[in-house]
Protein chains: 2
Amino acid sequence: MDILKQDVEDRLDHFTNVCKAKGIKLTHQRLEIFRKVAETTDHPDAEQIFQRVRKSVPTVSLDTVYRTLWLLRDLGLVATLGVPHERTRFDANLTKHHHFVCTRCGFTRDFYSDDLNKLNLPESVDQFGIVTTTQVEVRGICRECSGKAYTS
Amino acid sequence: MDILKQDVEDRLDHFTNVCKAKGIKLTHQRLEIFRKVAETTDHPDAEQIFQRVRKSVPTVSLDTVYRTLWLLRDLGLVATLGVPHERTRFDANLTKHHHFVCTRCGFTRDFYSDDLNKLNLPESVDQFGIVTTTQVEVRGICRECSGKAYTS
DNA sequence: TTTAATGCAAAAGATTTGCAACATG
DNA sequence: CATGTTGCAAATCTTTTGCATTAAA
């Protein structure tokens, strides 16, 4: 656990309120799954969350973990790293560039900027390892998706 | 095709040279797979590349496409979007932040920077759609992976 | 001719779904 | 009590692997 206890409690309160407001049932499983995600900054995957939740809820199942995580995302309480449900995409552009990514459909395009090529990183980054490249990722909704109604 | 013909030819030449230098066989399939990736800027996935290559090499198989794409990556001729072989990771940090990502193991950590929170994007980005967030993604090799020998 | 690469089919890994039993509001 | 949620098992989807055949060098 690397988040302050108080912050975790605040997040849980927020979750509780959102559920009440939307008429979503507050089950033991949901509470524990959310707690485990809120407690860490290590960006776990579903399997890791499943293993952590199991300690307090031994009967929980992996599919409930998945269902709950997507619910939490739809509620705006957690985000995913990268675009979910996306397959591996390949890039033959070897010149320095940045990306625009549509968070609905995964549409991705390159753009260029001399300014963005020379960003100053805070020193705190060095503690994590050796930096090789820095890229700006712009997230948004592409032209085509803007036209459509949203279906999760 | 949205890359200049000449650039595609240059990239193919480069590929040819790298293969010769490393004693890697230049098969018809490899050439066509690389050509299809080099021709576009739309960041296709393996299935899309497979369908495009099929038009000129009808007997090609999807697993050869995968094997070739990983070969090209190992040769430094293509990159992947996101960390390959990674499962979906979840993030409960709702405050504005940026990421350090280890390209070997997927280790991911947040960092903060007021400067990076207010980047100026080039106008060209607007053509792609509506921007919702901008995030800096720092790629590198984490402390733990730096210690190990590299095994693809 | 030697060795690596291909295509096929089957396997593996991640995530999703149908459905009967169960718990929440 | 009504309805939404769970756990299980089976299904689906993407990517990988073993192996006999084929093609580069």
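Source: prediction; values computed, not measured. Protein chains get the first letters and strands the later ones, always in sequence-line order, with residue 1 at the start of each.
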Inset, instruction - Evaluate the salt bridge (Lys or Arg N to Asp or Glu O under 4.0 Å) criterion for residues A:D13 and A:K20: first the C-alpha distance (whole Å), next the side-chain angles of each, then the deciding distance (0.1 Å), finally the verdict. - result: CA-CA 11 Å; A:D13 280 354; A:K20 279 182 186 158; over 6 Å; no

Provide, to the nearest angstrom, the distance between the [atom1] atom belonging to [X] and the [atom2] atom belonging to [N].
| X | N | atom1 | atom2 | answer |
| --- | --- | --- | --- | --- |
| B:L71 | D:dT16 | CG | P | 13 Å |
| A:L31 | D:dT6 | CG | P | 11 Å |
| A:D63 | D:dC13 | CG | C1' | 17 Å |
| A:Y66 | D:dT5 | OH | C1' | 19 Å |
| B:L62 | C:dT6 | CG | P | 13 Å |
| A:R30 | C:dA23 | CZ | P | 15 Å |
| A:K22 | D:dT5 | NZ | P | 13 Å |
| A:D74 | D:dT5 | CG | P | 12 Å |

Legend entry - A:T41: partners by side chain to side chain donor-acceptor pair (under 3.5 Å), with sequence neighbours left out: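 A:T41 satisfies side chain to side chain donor-acceptor pair (under 3.5 Å) with A:D2 once adjacent residues are dropped.
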
Does [X] have a side-chain nitrogen or oxygen under 4.0 Å from the phosphate oxygens OP1 or OP2 of [N]?
| X | N | value |
| --- | --- | --- |
| B:W70 | D:dT15 | no |
| B:H85 | C:dA14 | no |
| A:S61 | D:dC8 | no |
| B:T88 | C:dT15 | yes |

Inset, instruction - Start with the C-alpha gap between A:E9 and A:R35, add the side-chain angles, then the distance that decides, and say whether salt bridge (Lys or Arg N to Asp or Glu O under 4.0 Å) holds. - result: CA-CA 8 Å; A:E9 294 314 314; A:R35 180 193 298 281; 3.5 Å; yes

Legend entry - salt bridge (charged side-chain N to carboxylate O under 4.0 Å, His left out) partners of A:R87, counting only residues at least two apart: B:D45

Legend entry - Cationic N near anionic O, under 4.0 Å, A:R67 to A:D63: yes

Legend entry - A:D7 bridged to A:R11 by N-O distance under 4.0 Å: no

Inset, instruction - Hey, can you tell me if A:H99 and B:H43 have their rings parallel, tilted or perpendicular (30° and 60° cut-offs)? - result: perpendicular

Inset, instruction - Please tell me which of B:T64 and B:G23 maps to the more 5' nucleotide of DNA chain C, matching each residue to the nucleotide holding its nearest heavy atom. - result: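 Looking at DNA chain C, the more 5' nearest nucleotide goes with B:G23.
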
Interface polar pairs with nucleotides 19-25 of chain D, N/O, under 3.5 angstrom:
| residue | atom | partner | partner atom | Å |
| --- | --- | --- | --- | --- |
| D:dA24 | N3 | B:K25 | NZ | 3.4 |
| D:dA25 | OP1 | B:L26 | N | 3.2 |

Inset, instruction - Using heavy atoms and a sub-4.0 Å distance, could you list which residues of residues 44-51 of chain B are near DNA chain C? By number, please. - result: none

Inset, instruction - May I have the step-by-step check of salt bridge (Lys or Arg N to Asp or Glu O under 4.0 Å) for B:D126 and A:R109, ending in yes or no? - result: CA-CA 11 Å; B:D126 296 332; A:R109 287 294 180 278; over 6 Å; no

Legend entry - salt bridge (Lys or Arg N to Asp or Glu O under 4.0 Å) partners of residues 22-31 of chain A, not counting sequence neighbours, each pair once: none

Are [X] and [Y] close enough that a side-chain donor and a side-chain acceptor fall under 3.5 Å?
| X | Y | answer |
| --- | --- | --- |
| A:H97 | A:D91 | yes |
| A:D115 | A:S113 | no |
| B:T64 | B:Q29 | no |

If you restrict it to nitrogen or oxygen atoms, what contacts under 3.5 Å exist between nucleotides 10-13 of chain C and the protein, and what is each distance?
none

